[in-house]
**Student:** 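The structure's right below; bear with me while I get my questions together.
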Amino acid sequence: MEAYTSNPALLANAALFRRYVGRRVRTVLQVGRFEGGNLYGQAPDGPQIVVRQVPRKEEDFTQFVEVIGVVEGDTALQAEICTNFGDKFDMEQFSKVCELANGNYRDIFM
Amino acid sequence: MYSDSGADGGSLFGGGGFIPTQSNSLNDNSFSPSGATKRGGSQSSGLMPLTVKQLSSATQKASDDNFYVDGQEVNNITLVGMVFNKEEKNTDVSFMLDDFTGRIEVKKWIDGQDSEELVELRNIRNGIYVRIYGHLRSFQGKRNVVAFSVRPIKDFDEVTFHFIEAIYVHAYNLKSQGGAVGSKMPSTTGVSYGAPQASTMTPNPSVIRPTISNQYTPPASMPVGSNSVNECQKRVHLLFDEPANLAIEQGLHVDEVARRMVGFTKQQVKDAIEFLVNEGFIYSTIDDDHYKSTNG
């Protein structure tokens with residue numbers, strides 16, 4: 001596995017994508033479908049997100065996938081690292097953590 | 001009150017929450033004030049969940065080797081993150097742990113006799129998430145972690161959980177700092193606690209935490225909407241810190257404090273005193289009804 005540079009990635013749900021266009025974020029998606037090398041999935045807070053340049057094959061993914069990458073737009077991410085997060089994952093909690101990490105407690109994350 | 005050999009568990013380890021504050025007199029010269037004074041529960045020699053960002057912004061005092069986060073001494077820590085650059089040697093396994101708030105080097109010494117452990121460590125590969133328990137160290141100016149446990153994450157709710165826990169502990173520690181006047185962090189200008197507590201002490205103006213005075217200075221980290229409990233704690237603490245009261249050998253009686261705390265019930269005052277004792281700001285003197293500030 002190649003060594004990525006130590007750029008921090010901000011915890012984000014879809015609502016935060018707008019704020020972080022061009023920045024590296026991390027989020028967890030519930031996998032929907034694959035099409036043309038893109039992954040379509042649901043963000044922790046609900047909206048549909050498209051992930052481009054997915055580095056792995058479709059069959060390799062579990063139901064939930066953590067995606068770390070650069071935000072391209074309100075609903076688009078360019079993938080750098082994708083990590084399987086299994087078939088069971090609490091999206092609601094994760095979404096709340098995203099809010100906290102970008103709100104009152106940002107100082108311990110960024 | 002004095003421990004001659006330092007074998008008093010309380011002053012050596014902070015008691016792990018089991019040794020009451022009374023056994024830690026201020027006059028144990030070998031310890032920094034913040035390290036010796038007891039905190040009430042799990043925070044002092046317990047386990048701190050942290051982000052790597054917190055590790056890199058942890059502070060150090062000139063007088064000791066300890067790290068401090070949010071005013072708390074950092075002993076054992078736990079982190080969750082992704083493994084990068086794993087290197088296996090005969091004596092140890094090391095890797096970079098990246099939790100995406102930052103990266104830190106982690107080293108796990110290998111016990112050559114423990115073959116189970118070797119197998120487990122083989123399973124740690126680049127790109128997987130792990131939970132580590134360890135100790136924060138500094139070597140040649142760079143911080144690193146010596147881990148005593150490295151475990152792959154199986155249920156990824158644990159990743160979410162770790163962040164929640166780190167947020168919780170961070171908020172809790174900030175609140176304890178904000179709940180009483182003055183910073184928990186002692187001044188780094190070599191505060192001297194050498195004089196025996198028995199003599200009447202006049203506070204030495206050159207050796208004082210800048211924020212302690214008769215005036216209440218709200219700490220920067222004051223949580224929004226502080227309630228009457230915090231208010232009571234602050235004012236009780238202020239009372240104990242008044243120079244006139246610091247000069248009294250046996251400190252103040254609980255009833256005396258309650259008398260002066262107009263607008264608060266005796267129970268509230270007693271609760272505040274208990275809180276301050278647990279946080280190490282005051283200690284009991286001749287009996288359980290007399291208390292004195294540790295700022296003396």
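Because only heavy atoms are used, hydrogens play no part in the values below, and waters and symmetry mates are left out as well, while side chains stay in. Below, chains carry the letters A, B, ... as their sequence lines are ordered, and counting in each starts from 1.
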**Student:** At a heavy-atom separation under 4.5 Å, does B:Y129 approach chain A through its side chain, its backbone, both, or neither?
**Tutor:** side chain

**Student:** To check you understand the geometry: which heavy-atom pair defines the closest contact between A:G86 and B:F156, and what is its length?
**Tutor:** N-CD1, 4.3 Å

**Student:** What distance do B:F161 atom CZ and A:F94 atom CZ have between them, rounded to the nearest 0.5 Å?
**Tutor:**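 Spacing of CZ (B:F161) from CZ (A:F94) equals 16.0 Å.
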
**Student:** Measuring centre to centre across the rings, with the benzene-like ring taken for any Trp, is B:F163 within less than 6.0 Å of A:F109?
**Tutor:**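 Under 6.0 Å, so yes.
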
**Student:** Among A:L10, A:N84, A:L100, A:V28, single out the residue with the greatest number of heavy-atom pairs under 4.5 Å to chain B.
**Tutor:** A:N84

**Student:** Can you tell me which portion of B:V52 sits under 4.5 Å from chain A's heavy atoms? Options are side chain, backbone, both or neither.
**Tutor:** neither

**Student:** Looking at B:Y168, I want to see if its OH is surrounded by more than 12 non-hydrogen atoms of other residues, nucleotides or ligands under 6.0 Å.
**Tutor:** no

**Student:** How long is the span from the CD1 atom in A:I81 to the CE atom in B:M82, to the nearest 0.5 Å?
**Tutor:**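 Interatomic distance, A:I81 CD1 to B:M82 CE, rounded to 0.5 Å: 5.0 Å.
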
**Student:** If you count heavy atoms of other groups shown closer than 6.0 angstrom to CZ of B:R143, is the number above 12?
**Tutor:** yes

**Student:** Hey, could you give me the CG/CG distance between B:D157 and A:D90, rounded to the nearest 0.5 Å?
**Tutor:**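 So the gap between those two atoms works out to 5.5 Å.
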
**Student:** Just wondering, are more than 12 heavy atoms of other shown residues or ligands nearer than 6.0 Å to CD in A:Q48?
**Tutor:** yes

**Student:** With a 4.5 angstrom heavy-atom cut-off, which part of A:F89 approaches chain B: side chain, backbone, both or neither?
**Tutor:** both

**Student:** If I compare all heavy atoms of B:I164 with all of A:Q93, which pair ends up nearest, and what's the gap?
**Tutor:** CD1-OE1, 3.2 Å

**Student:** To the nearest 0.5 Å, tell me how far A:N104 CG sits from B:L174 CG.
**Tutor:**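 Interatomic distance, A:N104 CG to B:L174 CG, rounded to 0.5 Å: 10.5 Å.
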
**Student:** When rounded to the nearest 0.5 angstrom, what is the spacing between CZ in A:R26 and OG1 in B:T101?
**Tutor:**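 These two atoms lie 8.5 Å from each other.
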
**Student:** Is chain B contacted by the side chain of A:D107, its backbone, both, or neither, given a heavy-atom distance below 4.5 Å?
**Tutor:** both

**Student:** Do other residues, nucleotides or ligands put more than 12 heavy atoms under 6.0 Å from the CZ atom of A:R19?
**Tutor:**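 Atom CZ in A:R19 is packed in, count exceeds 12.
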
**Student:** Could you grab the distance from atom NZ of B:K53 to atom CD1 of A:I108, nearest 0.5 Å is fine?
**Tutor:**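 Going from the NZ atom of B:K53 to the CD1 atom of A:I108 covers 9.0 Å.
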
